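Values below: every heavy atom of this structure, side chains too, minus hydrogens, waters and symmetry copies. Along the sequence shown, residues carry numbers from 1. Bear in mind that the values here come from a model prediction, so they are computed numbers and not experimental data.
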Amino acid sequence: MKRKSTDISSYFKKKITAGGEKEVTGEQHRLSEDKEEDGGEEQTEQDDKDTQPVLVKHSEEEHQTAADQGQSAPLVTEARQNSAKAGVRPVPGPTDISQSRAEQPKQPHLKVFPHTYPGDRRRCFSKDWYNTHKWLEYSQSKDSAYCYACRHFSLPSSGGSVFTSEEGFNHWKKATFKDGGLLGHAKSEAHSNAMLAWAEHEKSTSTTSSLSASLDTEYNKLVKENREYIKVVGETLLLTAMQNIAQRAHKESEGENKGHFLAIMELLAKHNPTVKRKMTSQRNATYLGHDTQNEIIDCLAEMVCTSITSEVTQSEAFSILVDESKDLSKKGQMSFVIRYYYKGSVCESFLAFKAAQRLDAASLSQKIIQMLQKHGLDYKNHLVGQAYDGASVMSGKNTGVQARMKSEALLAFYVHCNAHCLNLVLVDSVKCIPEANCFLSLLQKLYVFVSGSYVHQRWLEVQREIFQGAPRELQTDRYTVAM
């Protein structure tokens with residue numbers, strides 16, 4: 001004769017009261033199965049309330065997990081209290097599930113989920129529920145289910161739910177009920193609103209991501225085109241520099257002759273669509289102006305200087321050749337040439353021009369040292385020679401440039417420049433021939449008359465900086481002019 005379900009529950013309660021927490025025997029499993037056959041699924045809610053859950057003896061690992069969760073609970077509560085004080089809405093539920101909208105629902109697929117006795121038989125969470133309820137989350141620490149949508153997207157006025165509480169939903173017997181459990185929560189109005197908000201959030205996020213990806217693609221394409229175009233401009237300037245031809249004409253905006261640089265660029269534009277689009281576009285910079293050309297040439301010059309200094313560093317020992325000259329504006333500038341032995345041959349490379357405001361020995365020596373330091377050359381240990389002209393400022397044994405440089409670099413022996421020596425020999429030879437001496441003297445005077453003196457021009461500039469009005473000069477004697 002079969003017993004009623006209420007009697008079976010009373011029987012279980014008596015067994016537990018008598019012997020404490022005990023494992024369920026095979027006889028009890030058989031009684032539970034018999035009760036299920038009698039229609040246990042049709043129990044009323046009142047029977048479920050009256051029925052007390054049967055405790056099951058857990059393993060040592062489960063007790064340790066529970067102890068760990070018990071220790072971390074106060075910390076979680078304190079963190080949520082701090083968030084509430086800061087004005088941030090705390091996310092309900094334990095910490096081993098999603099904590100922000102940026103995360104996806106935590107849906108672990110365990111081989112075996114913990115079994116409990118909510119009611120009359122052994123039950124557990126099922127991972128198959130993830131397929132029908134994408135909002136479902138499972139917490140291993142609480143052995144409970146939660147709603148991702150309601151936890152992150154529900155309105156503050158929507159009220160609470162067991163799926164958003166701290167303990168969560170763990171009554172697995174009611175999980176598959178039509179009017180309760182998972183299906184009942186999915187039909188609620190608050191959950192429907194939260195699901196709509198979640199869907200809108202995912203849509204806006206995906207749209208923003210696709211827009212950002214599209215902008216990144218266009219930006220990378222534009223960067224690639226700009227690099228290709230500026231490379232063509234640089235190679236064109238390099239070609240004109242290596243062929244020693246002028247880049248610009250007198251008036252590039254007028255006439256057919258716009259200079260070598262623009263002519264080459266227009267030729268390349270006929271065969272390269274990117275170059276043509278960049279040159280004809282009104283919104284983009286063409287990088288064809290004078291300032292841009294000078295900047296690119298400076299970059300190329302710096303690359304050449306770096307290559308030269310690299311060779312000098314490898315050869316270690318080197319010498320310097322320095323001379324002063326004037327440009328078209330009558331400004332003094334110092335030419336700097338370096339001589340070194342590299343790969344079986346002697347090389348002489350022009351390094352730079354340096355403006356010389358003062359032409360005394362101290363200033364010139366300081367300029368040379370600054371040039372060597374700028375290019376990272378160890379002149380104190382590796383400078384073995386220096387060559388200048390025979391002027392006293394350069395070749396003076398006591399206070400000349402060569403003496404000052406030798407005090408800094410002990411191995412830098414001074415040698416009179418061979419080219420200047422040859423010039424002196426020719427001058428002395430010409431003086432022996434009166435006709436040739438008169439001719440060359442006339443040429444020298446014509447040069448001085450046409451070019452003017454640099455010192456005189458510098459004297460006029462100093463007067464303009466100090467005084468206002470016309471500069472003061474010595475007047476030429478009228479008698480001397482008449483003669």
Side-chain angles (χ1 to χ4, degrees), residues 216 218-313 320-338 347-357 366-377 461:
D216 292 341
E218 292 297 326
Y219 175 76
N220 294 332
K221 181 180 178 182
L222 181 61
V223 169
K224 183 178 179 180
E225 290 183 353
N226 291 339
R227 289 178 177 176
E228 179 182 355
Y229 175 71
I230 203 67
K231 181 180 178 181
V232 173
V233 174
E235 289 180 348
T236 304
L237 289 172
L238 179 61
L239 174 64
T240 57
M242 294 182 65
Q243 297 299 323
N244 197 20
I245 57 179
Q247 282 99 12
R248 299 187 286 269
H250 294 289
K251 293 183 179 180
E252 298 179 352
S253 60
E254 300 178 2
E256 296 181 357
N257 185 13
K258 296 182 179 181
H260 297 98
F261 173 70
L262 291 180
I264 295 174
M265 290 298 298
E266 291 178 355
L267 176 62
L268 294 175
K270 296 179 180 179
H271 305 280
N272 193 326
T274 302
V275 176
K276 182 177 181 180
R277 182 168 58 256
K278 293 293 183 181
M279 291 181 62
T280 57
S281 177
Q282 300 296 330
R283 299 179 59 185
N284 296 329
T286 58
Y287 299 102
L288 301 178
H290 300 170
D291 295 337
T292 304
Q293 294 180 33
N294 293 335
E295 289 180 4
I296 296 177
I297 291 175
D298 290 341
C299 293
L300 295 174
E302 185 176 355
M303 295 171 62
V304 174
C305 291
T306 303
S307 177
I308 293 174
T309 54
S310 177
E311 293 178 357
V312 174
T313 303
I320 56 174
L321 295 86
V322 181
D323 194 12
E324 185 269 337
S325 61
K326 299 180 180 66
D327 56 8
L328 294 177
S329 61
K330 307 306 175 186
K331 292 183 179 180
Q333 56 184 5
M334 186 169 56
S335 60
F336 193 92
V337 179
I338 192 165
C347 302
E348 289 187 1
S349 300
F350 170 76
L351 203 58
F353 277 120
K354 192 70 175 180
Q357 300 294 337
Q366 188 64 27
K367 290 289 184 181
I368 295 174
I369 293 175
Q370 290 178 358
M371 181 67 66
L372 294 172
Q373 291 177 347
K374 177 182 176 181
H375 293 87
L377 299 176
E461 292 178 1

Using the side-chain hydrogen bond (donor to acceptor under 3.5 Å, both in side chains) rule, take Thr240 and Gln247 through it: C-alpha gap first, then chi angles, then the decisive distance, then the call.
CA-CA 6 Å; Thr240 57; Gln247 282 99 12; 2.9 Å; yes

Kindly write out the residues that satisfy side chain to side chain contact (heavy atoms under 4.5 Å, CB included) with Asn294, not counting sequence neighbours, or none if the list is empty.
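Arg248.
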
Without swapping roles, check the side chain of [X] against the backbone of [Y] for a donor-acceptor pair under 3.5 Å.
| X | Y | answer |
| --- | --- | --- |
| Tyr229 | Thr286 | yes |
| Gln293 | Leu288 | yes |
| Ser335 | Asp323 | yes |

Looking at [X] and [Y], what are the two nearest heavy atoms and their distance?
| X | Y | result |
| --- | --- | --- |
| Asn226 | Lys278 | OD1-NZ, 2.6 Å |
| Met371 | His375 | O-ND1, 3.0 Å |
| Thr236 | Phe261 | CG2-CD1, 3.6 Å |
| Met279 | Ala269 | SD-CB, 3.9 Å |
| Leu267 | His271 | O-CD2, 3.2 Å |
| Tyr287 | Thr292 | O-CG2, 3.6 Å |

Supply the atom-to-atom distance [X] [atom1] to [Y] [atom2], rounded to the nearest 0.5 angstrom.
| X | Y | atom1 | atom2 | answer |
| --- | --- | --- | --- | --- |
| Leu222 | Glu225 | CG | CD | 6.5 Å |
| Ile338 | Leu377 | CD1 | CG | 5.0 Å |
| Phe353 | Phe336 | CZ | CZ | 13.0 Å |
| Ile320 | Leu351 | CD1 | CG | 11.0 Å |
| Glu324 | Gln333 | CD | CD | 8.5 Å |
| Leu268 | Thr274 | CG | OG1 | 12.0 Å |

What donor-acceptor contacts under 3.5 angstrom involve side-chain atoms of residues 297-310, with partners at least two apart or in another chain?
unit_1: Thr306; atom_1: OG1; unit_2: Glu302; atom_2: O; d: 2.8
unit_1: Thr309; atom_1: OG1; unit_2: Cys305; atom_2: O; d: 3.0
unit_1: Thr309; atom_1: OG1; unit_2: Thr306; atom_2: O; d: 2.9

Would you say [X] and [Y] make side-chain contact, with heavy atoms under 4.5 Å?
| X | Y | answer |
| --- | --- | --- |
| Met334 | Ile368 | yes |
| Val322 | Lys367 | no |
| His260 | Gln243 | no |
| Lys231 | Arg227 | no |

